[in-house]
Structures are given as C-alpha cells and as structure tokens.
Protein chains: 2
Amino acid sequence: MLTAERKALIQRVLQRDGRLIAKSFSQEIGISEDTIRRDLRELAAEGLLQRVHGGALPASSAEADFASRQAIGASAKSSLGRAAARLIARGQIVFLDGGTSNIQLARQIPLDLRATVITHSPSIAVELAGHPSIEVEMIGGRLFKHSIVTVGSTSAEAIARIQTDIFFMGVTGLHPEIGATTGDAEEASIKRLISRQAGETIVIATKEKLGAASPYQIVPMSEITTVITEGQDESGQLDQFKSAAVTVVEVDD
Amino acid sequence: MLTAERKALIQRVLQRDGRLIAKSFSQEIGISEDTIRRDLRELAAEGLLQRVHGGALPASSAEADFASRQAIGASAKSSLGRAAARLIARGQIVFLDGGTSNIQLARQIPLDLRATVITHSPSIAVELAGHPSIEVEMIGGRLFKHSIVTVGSTSAEAIARIQTDIFFMGVTGLHPEIGATTGDAEEASIKRLISRQAGETIVIATKEKLGAASPYQIVPMSEITTVITEGQDESGQLDQFKSAAVTVVEVDD
DNA sequence: CTTGACTCTGCACGATATTGCACGAAAATT
DNA sequence: AATTTTCGTGCAATATCGTGCAGAGTCAAG
C-alpha cells in the first residue's frame with residue numbers, strides 16, 4: 001500500500017467516524033502501529049488532523065464545536081443569509097442544505113413568504129417549524145452526525161424524485177479551478193445529486209472558504225450558478241470566480 | 001475511549017445539562033471516577049469549566065445561571081425519561097416518536113449504549129446527533145409543524161419498511177377504555193402504523209395525561225405494552241390500566 | 001548490471017502518559 | 001459530633017509514544 005493512499009484512507013476514516021485509534025486501525029489494514037503513528041504525526045504537522053494520545057481526531061473537531069462554529073462569524077453569516085433569502089421567490093421549491101450558513105438563511109426568510117423548503121438537515125427543519133408560511137419537506141435517511149444531515153441510499157432515492165428551483169449548497173471549500181468541495185465522500189455525492197435536481201445551485205461562502213479545497217469535490221465551478229460572499233475582496237480572488245461564468249453577489253457586513 | 005474524546009464529551013454534557021455529576025457520569029460511560037475527576041481537574045485548570053464538589057459546572061456564570069434554572073423542575077420530567085431509557089437493550093432498534101417526553105428520553109440514553117434509533121422527529125435527530133454510540137435513522141416526509149414530526153405518504157412508506165423492537169409513543173391522552181389519543185388525525189394514523197411495525201409499544205404519560213382523551217384514537221389499550229408514569233397514584237386510576245393487561249411502570253420523582 | 005543514495009517499513013527499547021486502586025484528608029450531610 | 005461522600009496524591013500496571021537502527025525496495029547515474 002502506498003503512503004499517500006494510506007494517508008488518504010486515514011483522513012477518510014477520520015471524516016467518517018470522527019476519530020481514529022492507532023492500534024485498531026493498524027490491525028485493520030495490516031500495517032504496523034509505528035507506520036500509522038508516523039503518518040498521523042506527519043498529517044498533524046500539516047494541520048490535517050489533530051493528534052491525541054491513542055490516535056487522532058479531525059482537525060476541526062467534530063460535533064463538539066458545532067455550537068462554537070455557529071458563534072464564530074455569526075454576524076457575517078447572518079448578512080450573507082439575508083442576501084441569500086432575498087433570492088427566493090414566492091411559491092418556489094427550494095432545497096436547503098445543512099450547515100451554519102443555511103441555518104442563518106432559514107432564520108432570514110421573510111415571515112410572509114410562501115414557499116416550499118426541502119431539506120435533509122433536521123436542524124433546518126426544526127428552525128423552519130416556527131415559520132408561519134413555509135412548507136417543509138424532510139428527506140429521510142441515515143444521519144451523518146458530523147454535519148447533522150441525512151445521507152445514504154434512502155436519502156438519494158428521495159432526492160432523485162424531487163425537482164427544485166434553487167439549491168443552497170453548503171461547502172467547506174470553494175476553489176476557482178477545483179470547484180466546490182467537502183470533507184466526506186458520501187456527503188459530496190448527496191450534494192452532487194441534489195445539485196443535479198436543481199435549476200440553480202447557489203453557494204454561500206464566507207471569505208475563509210474562498211480559494212480553499214477539501215478532499216472531495218462536489219461539483220466543478222461550471223455547475224454553480226451563483227456565489228454569495230463577503231464584500232471585502234482583498235486578494236482579488238473574486239475576479240477568478242467572476243470569469244468562470246458565475247454570478248457573484250458581494251455582501252457588505 | 002480516547003482521553004480527548006472524553007474531555008470533549010464532558011464539555012458537551014456540561015453545555016447540554018448545565019452540570020455534571022462525577023459519580024453518575026463515570027458510571028454512565030463506564031470509566032472510573034478517578035479518571036473523570038482527573039479530567040475535570042485538568043479542564044478546570046484550562047478554565048474550560050468550573051470545578052465544584054461532586055462534579056462541575058460550566059465556566060461562564062451566564063450559562064451556570066441558565067443551567068440551574070433548567071435543572072430545577074427538569075429533574076421531575078427527566079426521571080420518566082430515564083426510566084424509559086433503561087428499557088432499551090444493547091443493539092435494539094427503537095422508534096422514538098416526537099414530543100418533549102421523548103426528547104427527555106433521548107437525553108437520558110446512557111452514553112455507552114449501542115443501539116439504533118429511528119425517528120420522524122427532527123428535534124430528536126438533532127438531540128441524538130451528539131450521542132457517541134447511537135445510530136440515527138430519520139424518516140422523511142412533510143413536516144407537521146405543530147408537533148414537529150414528519151407525516152404523510154412518504155413517511156408512511158418509509159415506516160412500513162422498518163420493523164422495530166420498541167416504539168416509544170407520544171400521546172396527548174391515555175384513557176383506560178378509549179386508549180391512546182392525539183389531536184390530529186394524520187398524526188394518529190402515522191403513530192398507529194409505527195405501532196404496528198413495533199414489537200412493543202410503550203407510552204410515557206405524565207399524570208395529567210392519564211384518564212384524558214383527545215379527538216383521535218391512535219390505538220386501543222390492548223395494543224399498548226407498557227405505560228410509564230409518575231408514582232403518585234392518588235385517584236386509583238392506575239389500577240384500571242393494570243387490569244388492561246398492560247405493564248405499568250411507576251416512577252418516583 | 002552494479003552501485004550508491006534515498007525512502008519506507010518494522011522492530012527494539014527507553015521514555016512518557018494514562019488508568020485504576022489504596023488511603024488519608026477535606027467537605028458535605030445527618 | 002458522627003457519618004458518608006467526595007477529593008487528592010502516591011503508586012504500580014499497562015498502553016502508547018518517539019527514536020535509533022537495520023533490512024528491503026526504488027531509482028538514477030555510472
């Protein structure tokens with residue numbers, strides 16, 4: 001087995017299980033613990049995971065900081081969410097992905113707007129249960145705890161039967177050449193499917209996600225209709241996205 | 001279990017419950033008290049929590065305030081949930097209905113119990129996303145906002161394909177002759193279907209629900225295996241249930 | 001084809017960390 | 001004041017870590 005393969009596998013297991021035990025993992029793939037520990041040390045040095053006694057945890061440790069992630073940059077996310085919510089027209093069928101940006105979006109939907117929201121995020125469903133005029137449809141399936149969205153074949157089948165006007169996609173990275181990416185292969189696959197069923201695919205990206213790339217590609221830039229991001233374009237990155245035939249909406253805080 | 005995971009878990013429980021008892025927590029996750037106390041000491045040294053005799057409280061005083069408010073009175077409600085959670089055996093497939101009683105139940109599931117929870121309540125799904133060893137399967141469908149559960153034909157189809165060991169049913173009334181009732185016809189129909197797919201049907205009923213009846217019958221008493229309720233039987237109502245070949249679990253506060 | 005530099009891997013071993021137990025001290029409860 | 005519970009520390013057993021080292025494989029220059 002190649003070193004690079006092994007390292008990729010480590011990251012995948014880490015994304016899937018939210019942790020990795022050095023001893024049991026080494027037995028599982030039939031490699032000595034020493035080698036695994038070496039890999040873990042190197043990946044930790046690159047900041048790709050968090051090394052702990054006994055194994056490793058994801059770099060941005062899983063659900064533990066879901067709440068704190070929500071707190072960080074909340075004001076920026078809520079103004080992005082407000083801008084995104086304005087793109088929903090009366091009567092449309094909208095797919096809302098999981099993630100903190102989309103929860104903000106859900107909170108910003110005008111109270112008199114009548115529309116249908118499809119989601120595979122229980123958090124979004126709970127949030128919208130309090131909205132007076134939005135019809136909510138929940139996609140079932142196995143719960144992927146890290147992102148708190150449903151995945152798997154049950155989800156895929158349900159999604160395949162629904163055509164939507166707009167898909168607000170959550171990503172962990174958005175790169176001009178690589179496109180939209182996320183940290184889990186199965187999640188990427190589900191997002192790809194949703195995108196195919198949608199007329200428009202819109203990505204809300206805070207500035208730290210611009211130019212970043214995670215292991216798994218969801219779709220290339222060509223599949224993305226609109227990017228909603230913060231207005232302070234320091235690095236000129238936005239020009240790269242604009243030239244990719246994508247509408248870029250810049251929002252000031 | 002990794003040390004870092006354990007510490008993360010401690011902080012999450014602290015955030016959720018507003019407090020942590022060293023002794024009961026150590027039993028819950030099957031680790032010696034010494035280790036837990038050591039963890040608490042270390043986390044306190046980092047300023048991540050406040051160490052107190054018997055356990056720990058959240059670091060910030062604002063949260064501690066919220067915590068004590070929540071702790072008072074919640075203990076009465078959660079004791080029913082705790083009793084219910086004890087009925088779940090390792091490896092079982094359990095259907096958790098919506099409702100506040102079942103959310104309490106979800107919170108009381110021992111942290112080391114491995115089981116699968118099926119639910120049509122997004123709130124339950126979100127709650128269990130934080131549980132380290134429970135597999136969660138979400139039933140999709142149209143969201144019935146009043147109860148925050150999914151209903152409709154999509155839900156019904158998904159439910160019809162699943163056989164479960166136990167169904168913890170939420171009701172608004174439980175009457176010795178009329179049986180279990182609720183306020184919405186469609187919800188009643190979905191609950192009936194779930195009950196048919198389950199080996200046991202268990203109802204958690206606070207005392208104000210006993211003897212009460214809502215417009216729509218879900219199932220007659222003969223379909224209910226167990227009733228979990230509060231221990232203070234003033235009116236002799238429980239005898240009526242006991243004579244209906246139902247196991248009655250009385251819980252003292 | 002050979003040689004030498006280089007990398008990767010597994011093993012050995014001393015260093016370090018973690019855990020549970022024992023026991024006396026401190027705190028809470030009666 | 002007596003009793004029970006909880007705490008903290010020392011200690012020993014165990015698990016995990018990091019490093020040095022040697023053998024195997026790779027690759028390119030000779």
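We name chains A, B, ... by the order of the sequence lines, and we start the count at 1 in each one.
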| field | With sequence neighbours excluded, residues passing side-chain hydrogen bond (donor to acceptor under 3.5 Å, both in side chains) with T229(A) | value | none
| Who are the salt bridge (charged side-chain N to carboxylate O under 4.0 Å, His left out) partners of E28(A), not counting sequence neighbours? | none
| message | Using OP1 and OP2 only, check whether a side-chain N or O of K23(A) sits under 4.0 Å from dA15(D). | response | no
| task | Can you tell me which residue pairs pass the salt bridge (charged side-chain N to carboxylate O under 4.0 Å, His left out) test with a partner in residues 1-10 of chain B, sequence neighbours excluded? | result | R19(A)-E5(B), R6(B)-D39(B), K7(B)-E42(B)
| How long is the line joining CG of D39(B) and P of dG8(D), in whole Å? | 13 Å
| Among all residues two or more places apart in sequence or in another chain, which pass the salt bridge (charged side-chain N to carboxylate O under 4.0 Å, His left out) test with E137(B)? | none
| remark: The salt bridge (charged side-chain N to carboxylate O under 4.0 Å, His left out) partners of E33(A) (sequence neighbours excluded) come to R37(A)
| query | Where do I88(B) and V117(B) land on the side chain to side chain contact (heavy atoms under 4.5 Å, CB included) test, with the steps shown first? | reply | CA-CA 10 Å; I88(B) 305 172; V117(B) 169; 5.8 Å; no
| field | Nucleotide dC21(D), atom P - distance to CZ of R38(A) in whole Å | value | 14 Å
| In whole Å, what is the span from the CD1 atom of I21(B) to the P atom of dT5(D)? | 15 Å
| Rounded to 10 degrees, the angle between the two terminal axes of the helix from dC1(C)-dG30(D) to dT30(C)-dA1(D), each from five pairs | 30°
| task | To the nearest Å, give me how far apart NE2 (H53(A)) and P (dT16(D)) are. | result | 7 Å
| said: Which residues pass the side-chain hydrogen bond (donor to acceptor under 3.5 Å, both in side chains) test with T172(B), not counting sequence neighbours? | reply: S214(B)
| message | Checking the side chain of E230(B) only, and the main-chain atoms of K207(B) only, is there a donor and an acceptor separated by less than 3.5 Å? | response | yes
| request: With sequence neighbours left out, write down each residue that passes salt bridge (charged side-chain N to carboxylate O under 4.0 Å, His left out) with R51(A), or none if nothing qualifies. | output: none
| note | Contacts satisfying salt bridge (charged side-chain N to carboxylate O under 4.0 Å, His left out) that involve residues 113-122 of chain B (not counting sequence neighbours) are none
| request: Tell me, please, which residues at least two apart from E127(A) pass side-chain contact (heavy atoms from CB on, under 4.5 Å). | output: I103(A), A106(A), R107(A)
| request: Would you indicate which nucleotide in dC7(D), dT19(D), dC17(D) comes nearest to any side-chain atom of R41(A)? | output: dT19(D)
| query | Tell me, which of residues 27-37 of chain A have any heavy atom that sits under 4.0 Å from an atom in DNA chain D? | reply | D34(A), R37(A)
| note | Students should find that the nucleotides of DNA chain C closing off the region near chain A, any atom under 4.0 angstrom from a heavy atom, are dC8(C) to dT18(C)
| Is the distance from OP1 or OP2 of dT6(D) to the nearest side-chain N or O of R51(B) less than 4.0 Å? | no
| task | Give the rounded distance in Å between these two atoms: CG of L40(A) and P of dC17(D). | result | 8 Å
